[in-house]
Each structure stands twice: as C-alpha cells, then as structure tokens.
Asker: 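Right, I'll just put the structure down here and ask away after.
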Amino acid sequence: MSKRKDPPPAGGDLFGAAAPAQPSAAQTGKSAIGKSAAKPAAEDPLAGATGVAAIDGIRCGIGGWTYAPWRDNFYPPKLVQRRELEYASRRLSSIEINGTFYSAQKPATYAKWAAETPDGFVFSLKAPGRVTQAGALAKAAAQAKAFIDGGLAEFGDRLGPILWQLAPSRRFDPDDLAPFLDALPRTLDGRALKHVLEVRHSSFLGPQYLQLARERRIATVFTDSDEYPSLADLTGDFVYARLMRSRADIAAGYPDGELDAWAQRARTWARGGDNPDLPHVGAAQADGAAREVYLYFISAAKHRNPAAAMALTERLRGG
C-alpha cells in the first residue's frame with residue numbers, strides 16, 4: 001500500500017515527466033499549419049480505463065497496491081509509484097488495504113485514495129492490530145469506534161468491508177468477543193457498515209462461535225490456507241474469502257481448473273447458495289437471498305496475485 005503523498009504532476013504525461021516540446025512539421029509529416037498528431041491511446045496505460053464493475057455482486061482483488069515485483073509483471077514500465085493505485089483500481093474491482101492494520105491514516109489520506117479510484121470501485125480495510133491483536137476485546141470497543149470515526153467516512157461509496165483480524169493466539173471466548181461485536185457501529189454517515197471477522201485459532205471451529213456470529217450478522221472470513229483455520233460457514237450477509245495458494249511457477253497464480261472452481265463457488269455464493277465442498281463446522285445452509293462476494297488473492301506467491309484476480313474476473317465475465 002502506498003503512503004506517498006506526492007501531489008499530482010502539474011503537467012506532463014502519465015509518468016510525471018515534463019511535457020515534451022511540440023514536434024516539428026518535418027517530424028510529424030504534417031504542414032506547419034496542420035494539427036500535431038495525437039499521442040496514440042495505446043501509449044497511455046489508463047487511456048479508456050473506466051474500472052472493473054462487480055459481476056453479479058462479485059468483486060476480485062488483491063492486498064495492497066505497492067509491491068516492487070508487481071512493477072515487473074503488473075504495472076506498465078516507467079509508471080510512477082504515485083499512480084499505481086490509479087492503475088490497479090482500473091484493473092481490479094476491489095483492494096484490501098493492509099496498511100491500516102499497522103497504523104490508521106489521516107482523513108485526507110483516505111479521501112486521496114478514494115479520489116484516485118474510478119466509480120464503482122470498493123476498498124476493504126484491515127482494522128488496526130492494536131485493537132484486535134492484544135488485550136481484552138471487550139475493552140477495545142472504544143478504540144474500534146475511534147478507528148471508524150477517524151476518517152473512514154472520507155471513502156464515501158468506496159468503503160467496503162472492515163476486516164477485524166484476530167491474532168493466532170486468541171482463543172474463542174464468547175464473554176470477551178460478544179461485547180466487542182455488539183459495540184461495533186453499524187452505520188457511518190447514513191451508510192451501512194460491513195464487518196467481517198477473521199479467526200485464526202482452532203478453538204473457533206465450533207457451533208458456539210457460529211451461533212454467536214450469526215446472531216449478530218457478522219461475516220466470517222473464509223481463509224483458504226493450511227496455516228490458519230478454514231471455515232466456509234456463512235455467518236453474515238456477504239461473503240469474504242482470502243485465497244492464499246497462488247504458485248510462483250504458474251503465470252496466473254492458479255491452475256485453470258482451480259480458477260474455474262473458484263468462479264463457480266463465487267457464483268454460488270452470490271446467488272445465495274453455500275459451497276459444501278469447502279471446509280465447514282456445521283451443515284451447509286439452505287439457499288437464501290443474493291449476496292455480495294469479496295475474493296482477495298493474498299500472500300503465497302504474491303507476485304502472481306494480480307494475474308490471479310484478473311484471470312478469475314475474466315472467468316466470471318464469461319458466465
């Protein structure tokens with residue numbers, strides 16, 4: 001994630017270079033009174049890029065947008081770093097902001113990020129670790145509210161789910177967790193907030209946790225990883241999956257068959273169904289109302305994750 005606060009270039013091209021001098025008539029092949037030829041759109045990586053809309057409520061994305069290896073296989077050559085969010089947000093329909101886990105940002109920064117993205121784009125944000133990683137959750141409600149009230153309204157309609165990631169050492173304690181979830185604000189400036197909890201201890205793999213989360217309509221992250229508990233049980237009104245199995249030796253990060261399978265699962269979730277082939281604590285739920293689905297390719301062979309997200313998006317477009 002970029003924390004650069006460079007102002008946009010006062011002039012020049014996409015890469016921040018000074019505007020070139022007008023070519024001579026001899027260079028363009030036109031008469032002195034003719035107009036100079038326009039720069040071909042193909043030379044501008046953002047030319048005509050209006051963004052990627054959600055597909056039947058499904059969004060595919062990555063974690064963050066600043067990662068040096070992506071400058072070799074995702075971002076165009078010579079694209080200045082301060083334009084990377086602009087580019088990424090026009091190739092993906094969502095990005096999970098990880099930097100807020102380490103430090104909340106100023107409202108002006110949130111506003112800047114939102115302004116650099118196209119209509120229809122949505123961020124998810126990882127809440128600060130100081131709220132979820134240490135100490136009693138029941139006593140952290142004020143910190144959670146301070147994070148939300150500390151400028152998230154600047155995102156406007158670009159604000160998507162807020163991810164509350166628990167530490168791997170935090171065991172399930174209903175007397176600690178329930179007060180925290182009950183205190184989370186449900187609206188911000190008239191907009192409904194979407195909260196999602198990522199649990200990382202096996203003690204959450206039981207019916208008591210499912211009941212607690214479902215009673216509060218708090219979504220649970222499906223983490224596709226061997227390192228952390230994976231539960232695809234539906235507990236909220238939307239689905240949030242973090243896919244962590246990309247491979248370095250595959251250009252798209254995942255084999256075709258696995259991408260096809262994830263496309264089908266995403267469609268099933270979006271239609272209101274469940275995916276019983278994924279790990280569950282309880283029985284798969286009966287079909288319900290259509291819902292939003294957020295899928296992020298995270299960690300693993302990180303340099304392949306943008307390609308994986310775009311490949312999955314193309315499959316979803318294909319129906």
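In this chain, residues are counted from 1 in sequence order.
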Asker: Work out which heavy atom in Leu316 is nearest to a heavy atom in Ala266; give both atom names and the distance.
Answerer: CD2-CB, 4.3 Å
Asker: Do Arg83 and Tyr87 meet the cation-pi criteria used here (NZ or CZ under 6.0 Å from the six-membered ring centre, within 45° of the axis)?
Answerer: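 Because its charged atom misses either the 6.0 Å distance or the 45° angle limit, Arg83 does not stack over Tyr87.
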Asker: Quick check: does any side chain N or O of Asp176 sit under 3.5 Å from a backbone N or O of Ala136, one acting as donor and the other as acceptor?
Answerer: no
Asker: Is any side-chain heavy atom of Leu85 closer than 4.5 Å to one of Ile95?
Answerer: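 Yes, at least one pair of side-chain atoms sits under 4.5 Å.
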Asker: In the structure I gave you, are the side-chain heavy atoms of Gln285 and Arg214 within less than 4.5 Å of one another anywhere?
Answerer: yes
Asker: Among side-chain atoms of Thr66 and Gln81, is any donor-acceptor pair under 3.5 angstrom?
Answerer: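 No.
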Asker: Give a yes-or-no answer on whether the side chains of Tyr240 and Glu96 include a donor-acceptor pair shorter than 3.5 Å.
Answerer: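 Per modelled atom types, Tyr240 and Glu96 side chains form a pair under 3.5 Å.
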Asker: Hey, does Phe204 have a side-chain heavy atom less than 4.5 Å from the side chain of Pro229?
Answerer: no
Asker: Got a second to check how far Arg170's CZ is from Leu177's CG, nearest 0.5 Å?
Answerer: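 If we round to the nearest 0.5 Å, Arg170:CZ and Leu177:CG are 8.5 Å apart.
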Asker: Determine whether Phe222 and Asp233 make a side-chain contact, defined as any pair of heavy atoms from C-beta on separated by less than 4.5 Å.
Answerer: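 No, side chains not in contact.
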Asker: Should the pair Arg71-Glu84 be classified as a salt bridge under the 4.0 Å nitrogen-to-oxygen rule?
Answerer: yes
Asker: Evaluate the side-chain proximity of Gln208 to Pro174: yes if any heavy-atom separation is below 4.5 Å, no if none is.
Answerer: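 A side-chain contact under 4.5 Å exists here.
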Asker: Could you tell me which non-hydrogen atom of Ala309 sits nearest to which non-hydrogen atom of Cys60, and how far apart they are?
Answerer: O-CB, 3.8 Å
Asker: If the plane angle is over 60° it's perpendicular, under 30° parallel, otherwise tilted; pick one for Phe180 and Trp164.
Answerer: perpendicular
Asker: Any heavy-atom pair between the side chains of Thr223 and Glu198 that's under 4.5 Å?
Answerer: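 They are in side-chain contact.
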Asker: When you group the ILVMFWY residues by side-chain heavy-atom contacts below 4.5 Å and let the links chain together, are Phe74 and Ile250 in the same group?
Answerer: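 Ile250 and Phe74: separate clusters.
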Asker: When you measure from the side chain of Gln133 to the backbone N and O of Pro128, does any donor-acceptor pair fall under 3.5 Å?
Answerer: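 Absent.
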Asker: So, is the end of the Arg247 side chain (NZ or CZ) under 6.0 Å from the ring centre of Tyr254 and within 45° of the ring's axis?
Answerer: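 The answer is yes, since Arg247 meets both limits relative to Tyr254.
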Asker: Count the heavy atoms of every other residue, nucleotide or ligand shown that sit under 6.0 Å from CG of Asp260, and state whether that count exceeds 12.
Answerer: yes
Asker: Do the non-hydrogen side-chain atoms of Tyr296 and Ser124 ever get within less than 4.5 Å of each other?
Answerer: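 Counting from C-beta outward, Tyr296 and Ser124 do come under 4.5 Å.
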Asker: Looking at Ala311 and Leu259, what are the two nearest heavy atoms and their distance?
Answerer: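 Looking at all heavy atoms of both residues, the shortest contact is CB-CD1, 3.8 Å.
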Asker: Can Asp119 and Arg158 be counted as an ion pair, charged N to O under 4.0 angstrom?
Answerer: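 Yes, charged N to carboxylate O under 4.0 Å.
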Asker: Taking Lys126's backbone N and O only, do any of them form a donor-acceptor pair with Thr100's side chain (distance below 3.5 Å, no angle check)?
Answerer: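 Side chain of Thr100 to backbone of Lys126, a donor-acceptor pair under 3.5 Å: yes, one is there.
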Asker: Is a side-chain N or O of Asn73 found less than 3.5 angstrom from the main chain of His303, in a donor-acceptor match?
Answerer: yes
Asker: Would you check, one step at a time, whether the test side-chain contact (heavy atoms from CB on, under 4.5 Å) holds for Arg216 with Leu184?
Answerer: CA-CA 10 Å; Arg216 291 157 179 81; Leu184 291 177; over 6 Å; no
Asker: How far apart are the C-alpha atoms of Asp226 and Arg245, what are their side-chain angles, what is the distance that settles it, and do they pass the salt bridge (Lys or Arg N to Asp or Glu O under 4.0 Å) test?
Answerer: CA-CA 9 Å; Asp226 293 328; Arg245 298 185 187 274; 3.0 Å; yes
Asker: Taking the side chain as everything from C-beta on, heavy atoms only, tell me whether Leu278 gets closer than 4.5 Å to Ser230.
Answerer: no
Asker: Please check if the side chain of Trp70 supplies one atom and the backbone of Lys302 the other of a donor-acceptor pair under 3.5 Å.
Answerer: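 Yes, Trp70 side chain to Lys302 backbone: donor-acceptor pair under 3.5 Å.
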Asker: So, Ser225 side chain and Glu227 main chain: donor-acceptor pair closer than 3.5 Å or not?
Answerer: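 A pair under 3.5 Å: yes.
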Asker: Roughly how far, to the nearest 0.5 Å, is OG of Ser94 from CZ of Phe123?
Answerer: 8.5 Å
Asker: Return yes if some donor-acceptor pair links the side-chain N/O of Arg304 with the main-chain N/O of Ala248 below 3.5 Å, else return no.
Answerer: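 Yes, Arg304 side chain to Ala248 backbone: donor-acceptor pair under 3.5 Å.
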Asker: Using the ring of each side chain (for Trp, its six-membered ring), is Tyr110 parallel, tilted or perpendicular to Phe155, with breaks at 30° and 60°?
Answerer: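 Judged by the thresholds at 30° and 60°, the geometry between Tyr110 and Phe155 is tilted.
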Asker: Using 0.5 Å steps for rounding, measure from the CG atom of Leu197 to the OG1 atom of Thr235.
Answerer: 8.0 Å
Asker: Do the side chain of Asp274 and the main chain of Pro276 share a donor and acceptor less than 3.5 angstrom apart?
Answerer: no
Asker: Return the CD1 to OG1 distance between Ile55 and Thr313, rounded to the nearest 0.5 Å.
Answerer: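 Atom-to-atom, Ile55:CD1 and Thr313:OG1 are 5.5 Å apart.
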Asker: Within the side chain of Arg59, is there an N or O that forms a donor-acceptor pair under 3.5 Å with the backbone of Ser93?
Answerer: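 Yes, Arg59 side chain to Ser93 backbone: donor-acceptor pair under 3.5 Å.
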Asker: Donor-acceptor check, side chain of Asn305 to backbone of Ser299, threshold 3.5 angstrom: yes or no?
Answerer: yes
Asker: Just how far is it from atom CG of Asp182 to atom CG of Leu212, taken to the nearest 0.5 Å?
Answerer: 7.5 Å
Asker: Give a yes or no on whether a salt bridge exists between Asp256 and Arg315, defined as a side-chain N under 4.0 angstrom from a carboxylate O.
Answerer: yes
Asker: Distance from Ile58 atom CD1 to Arg265 atom CZ, nearest 0.5 Å?
Answerer: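 Spacing of CD1 (Ile58) from CZ (Arg265) equals 13.0 Å.
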Asker: Given the rule that I, L, V, M, F, W and Y join up when any side-chain heavy atoms are under 4.5 Å apart, are Val196 and Val131 in one cluster?
Answerer: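 The answer is no; the residues belong to distinct hydrophobic clusters.
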Asker: Does Gln264 CD have over 12 foreign heavy atoms under 6.0 Å away?
Answerer: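 For Gln264, atom CD is crowded (more than 12 foreign heavy atoms under 6.0 Å).
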